[in-house]
Amino acid sequence: MDEYEFEELVADLWAKHGWSTTVTSGSNDGGVDVIAEKDTPFYQKQLIQAKRYSSRTKVGRPDIQQYSSLRHRTDNVDAVVVVTTSDFTPQAEAAAADLNVKTVNSERLISMITELKTDDLLQKYIPAETEHDSDVTLSEIRDRSKKDILNQAIRLSKQNSGTVSVGVYLDGSDSGYVISPQLTDDIYNLHGFINERNSIGQFDTQDWENIKSIANRNDLEVVGVDEERGGRLFVGRQGGRPPEADEILRTMREFLPEVFSVSPQFVDLFIQE
């Protein structure tokens, strides 16, 4: 789900636990994503900040310090709550304790959902084709999730040419991979590579041959090397047609095992703007 859907999920989750909630996205919220209130056993009000992060991006101490000030933006605030799909750094947890900010990480979030003992909440956000499919496998769910992220990136890239990309981090490695569905008005389906030492010079001859071969099979070509941005090797399509999610995913499936010797089911995708 995107960040706005995550805010809706948080609001629905608090509502299931007895709160009256308001999602403030799109308004002048001052940094508040959800306002939660309830009257029993006494009036309480929480201001919630929802952070849909990948597992590699943790909420840090500066975030907690910033969000702690939200309680001064309005009256009768009992608690500021930061909810994330990831986790908090130890420094952030310490700051939260000092500043009286409640923290909910992914583990606690899952516990809050399972405590409800109902599927209604998750079914609202799970794609319909996976709800009752007893034959669906974990790898198929992962692939569908990747496709959703890529489709979202394609939609955003059409609106913001050159500002949207999908980041891929490989487990247990500093190697990386970046996809931009539309980099400029005439470069599409751009794939950028960063190896473990973040330098294009560390790709050996075989790596180059593999990259070029896969690019050619997918109607792509090497379009440049950007030393200023971490030595990324860019492969894309100059002119022609914009990519579809299936095409990007297929190309990624080929590149990752060949170039990095990593299966694509072990990658972590997230959108960068």
Side-chain angles (χ1 to χ4, degrees), residues 1-19 21-27 29-38 44-74 77-116 121-122 124-127 141-142 145-146 148-149 152-153 156 164-172 176 266-273:
M1 66 185 70
D2 64 27
E3 59 190 84
Y4 303 110
E5 290 175 320
F6 180 58
E7 292 170 8
E8 295 283 352
L9 170 63
V10 170
D12 284 349
L13 179 57
W14 256 249
K16 289 282 189 180
H17 282 276
W19 296 79
T21 60
T22 302
V23 179
T24 61
S25 294
S27 64
D29 55 44
V32 179
D33 293 323
V34 180
I35 299 173
E37 300 171 280
K38 66 178 178 179
Q44 298 176 67
K45 183 176 184 179
Q46 294 186 347
L47 303 182
I48 305 172
Q49 173 65 219
K51 308 300 292 183
R52 188 194 61 79
Y53 284 163
S54 74
S55 58
R56 286 177 170 265
T57 304
K58 295 185 179 182
V59 179
R61 182 185 183 90
D63 296 317
I64 297 298
Q65 292 172 326
Q66 174 187 347
Y67 300 140
S68 68
S69 66
L70 294 177
R71 69 175 65 250
H72 305 301
R73 305 280 179 88
T74 185
V77 176
D78 295 284
V80 172
V81 186
V82 181
V83 184
T84 181
T85 51
S86 180
D87 208 341
F88 299 85
T89 66
Q91 295 84 355
E93 291 284 12
D98 291 340
L99 298 171
N100 193 27
V101 174
K102 297 182 183 297
T103 58
V104 178
N105 63 7
S106 59
E107 184 176 348
R108 176 56 184 149
L109 189 62
I110 292 170
S111 295
M112 291 178 67
I113 293 172
T114 56
E115 285 167 9
L116 296 173
L121 180 63
L122 289 182
K124 180 177 178 180
Y125 297 95
I126 295 174
I141 293 173
R142 286 169 174 163
S145 176
K146 293 186 185 77
D148 289 341
I149 292 172
Q152 183 187 0
L156 291 172
V164 177
S165 61
V166 175
V168 182
Y169 285 107
L170 312 183
D171 287 354
F266 295 114
V267 300
D268 184 14
L269 274 66
F270 65 96
I271 293 180
Q272 302 168 313
E273 294 188 61

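The chain is numbered in sequence order, starting from 1.
Residues I48 and V10 have side chains in contact (heavy-atom distance under 4.5 Å, counting atoms from C-beta outward). The closest side-chain heavy-atom distance from P62 to Q66 is not below 4.5 Å. Between L13 and L116, some side-chain heavy-atom pair lies under the 4.5 Å cut-off. Side-chain contact between Q46 and W14 is present, with heavy atoms from C-beta onward closer than 4.5 Å. At least one side-chain heavy atom of I64 sits under 4.5 Å from a side-chain heavy atom of F88.
In this structure, T21 contributes its side chain and A36 its backbone to no donor-acceptor pair below 3.5 Å. The main-chain N or O of A94 is never found under 3.5 Å from a side-chain atom of R61 such that the two would form a donor-acceptor pair. Remark: side-chain polar atoms of S86 are not paired, donor with acceptor, to backbone N or O of Y53 under 3.5 angstrom.
One finds the CG atom of D87 at 12.0 Å from the OG1 atom of T57 (value rounded to the nearest 0.5 Å). Between atom OG1 of residue T22 and atom CD1 of residue I35 there is a gap of 6.0 Å, rounded to the nearest 0.5 Å.
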Full working for side-chain contact (heavy atoms from CB on, under 4.5 Å) between T84 and V59: CA-CA 8 Å; T84 181; V59 179; 3.9 Å; yes
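A salt bridge does not link K58 to E93: none of the charged nitrogens lies less than 4.0 Å from a carboxylate oxygen.
Side-chain contact, W19 with Q44: no donor N or O sits under 3.5 Å from an acceptor N or O.
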